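Reviewing the structure listed below.
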Amino acid sequence: MSSPSMKAPTGTRDILAPESDRWKALIGLFSGQMERAGYGLVQSPMFEEIGVFQRVGEDTDVVRKEMYDFEDKGGRHLALRPEGTASIVRAFVQHHPQTPWKVWYAAPSFRYERPQAGRFRQHHQIGVEALGVDDADLDVEVISLAWDFFASVGLRRIDLCLNSLGDPVCRPAYLDMLAAHLVARLDDLCDEHRPRARENPMRVLDCKRASCREVTRDAPRTIDHLCRPCSEHFERIQEGLGALSIPFILDTRLARGFDYYTRTTFELQASALDGAQNAVGGGGRYDGLVEMMGGAPTPGMGFGIGVERTLLACDAEATFPVPPSSLVAFVIDVTGGTVARDLSAALRRAGVGVVRSFDDRSMRAQMKQADRSGASFALIIGPDELEAGTVAVRDLRGETGQHAVALEDVVAHVGALAKGGRQ
RNA sequence: GUGGCCGUAGCUCAGCCUGGUUAGAGCGCCGCGUUGUGGUCGCGGAUGUCGGGGGUUCGAGUCCCCUCGGUCACCCCA
């Protein structure tokens, strides 16, 4: 065992091949789909001034106890990104791009939490944000992008939970009602929520403890107290999802952990994950956040998908396997290695994926390596081939056997095999 | 932050309860199976500061304490 300090920090891990090949494939699939819908990539810094993230809500767990914050050598108070939306909105406020501004991202997030199945201190989210659009059809578009992505990955057991939290017009009155309901039964709430029932009553709604659930079971529901615009907005989303054949579960407790949400909130849960960490994606509308960060009033809507959890769900559903090797050829040279050196470079310059072995190993050893490499063909150079100026091209996957090709023709020949043979 | 379980070869784990000669297995890895050819099979081989520190003991992988790490759960979230 190596010394403790040479291990990845608690809650983080290294992602090595071939697992990393799955990551590449998943992110590639996501980027393709989002770009086909007009979303452009944003790369934002991994850390920001802490104030940027505090906008997600002073009373959220993320801000209160999970932030990785630090002071840099210039005395700035910074924090590692704990979630995706705040950074994107900060970038919007800074650059004031034309709206609608539709972006996607793939980025790590950091939260100081106790790790468990599907929960890490560094995790990775892929997501989108769309700013500048009030239209309920945008909500439908964003939700459908997340839904369709999971479908394309091969996940079948995904539940979409949907709720509307109202807006600054209708929410205050609702919050008063809810707070009154909670305060009337304050003693029945769990220890953590009892002190906050009055200031942040919605946080109690999604508490999983039996005591709180009992109190909130007959609590007033947001959707029963929406103002007319919010109500119509929510109606149109439901109609739109219906039109796209996207089933959803109306979850009137779904408040989510950030304070910036208005109107729409949604969460995607993988029912194949039996652990508690089954939320693989979530998001919603945040019409006040840009203004809160000092920008002009601008509506926004987005979601984040957890890469680790999505891949766990894929394991549970036995889908989205590691993609096959893209290697075409393995050069075997038992004449000292100079032919392998030159041929492998020539093939790579021609765009063919090729590897070789080093250290002048035996034919047998090199053949074993070739087999395990995943390459489709072995290009064998022994004394006979060296003499004849040829290469033996051996099919490692099919029953084609092997045949001799003149050394000067090998690059063209293998290039043609790469195009025709493997997909 | 709280609690359960677990740290022994690259990986998965046995051994610990009932301390005692050179610490094991499977997989993987390396080599060999005559005449240059992998995937199956057979034979052989290498590798462990038994997570770290302290203690008990004539003697500790085995018992005790501390510590670090992993894992699962609560809370919350991706």
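Below, chain A is the first sequence line, B the second, and so on; all start at residue 1. No experiment lies behind these values; they were computed from the predicted model shown.
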B:rA73 OP1/OP2 closer than 4.0 Å to side-chain N/O of A:Gln116:
yes
If you look at every strand shown and take non-hydrogen atoms under 4.0 Å, does A:Glu308 touch a base, only sugar-phosphate, or nothing?
nothing
Looking at B:rG48, which nucleotide sits across from it as a Watson-Crick or G-U wobble partner, both distances under 3.5 angstrom, or is there none?
none
Which of the following nucleotides, B:rA73, B:rC30, B:rA78, is nearest to the side chain of A:Arg361?
B:rC30
Is the distance from OP1 or OP2 of B:rC76 to the nearest side-chain N or O of A:Arg209 less than 4.0 Å?
no
What class does the angle between the rings of A:Trp101 and A:Phe92 fall in, given that below 30° is parallel, 30 to 60° is tilted and above 60° is perpendicular?
tilted
Parallel, tilted or perpendicular, judged at 30° and 60°: which one describes the rings of A:Tyr261 and A:Phe258?
tilted
Does OP1 or OP2 of B:rA78 have a side-chain N or O of A:Ser109 closer than 4.0 Å?
no
Among the nucleotides B:rG31, B:rG69, B:rA78, which one has an atom lying closest to any side-chain atom of A:Ala365?
B:rG31
Within the modelled atom types, does a donor on one side and an acceptor on the other bring the side chain of A:Gln122 and the base of B:rA78 under 3.5 Å apart?
no
Counterpart residues, salt bridge (Lys or Arg N to Asp or Glu O under 4.0 Å), relative to A:Glu267 (two or more places apart):
A:Arg256
What closest approach, in Å, do A:Met301 and A:Ile143 show between heavy atoms, and which atom pair accounts for it?
CE-CG1, 4.1 Å
Can you see if the side chain of A:Thr10 gets near the phosphate of B:rG70 - specifically, an N or O under 4.0 Å from OP1 or OP2?
yes
Within the side chain of A:Asp287, is there an N or O that forms a donor-acceptor pair under 3.5 Å with the backbone of A:Thr262?
no
Should A:Arg13 be listed as having a side-chain N or O under 4.0 Å from OP1 or OP2 of B:rG70?
no
Which residue lies more 5' along RNA chain B, comparing A:Arg309 with A:Gly11 via nearest heavy atoms:
A:Gly11
If we take the C1' atom in both B:rC64 and B:rG70, what is their distance in whole Å?
23 Å
In B/S/- notation (B base, S sugar-phosphate only, - none; protein heavy atoms under 4.0 Å), nucleotides 38-45 of chain B written 5' to 3' is BB------
On the nucleotide B:rU37, are OP1 or OP2 found under 4.0 Å from the side-chain N or O atoms that A:Gln366 carries?
no
Should the ring pair A:His225 and A:Tyr174 be called parallel, tilted or perpendicular, given that the plane angle runs from 0 to 90° and is split at 30 and 60?
tilted
Hey, does the side chain of A:His193 come within less than 4.0 Å of B:rC76's phosphate (OP1/OP2), counting only N and O?
yes
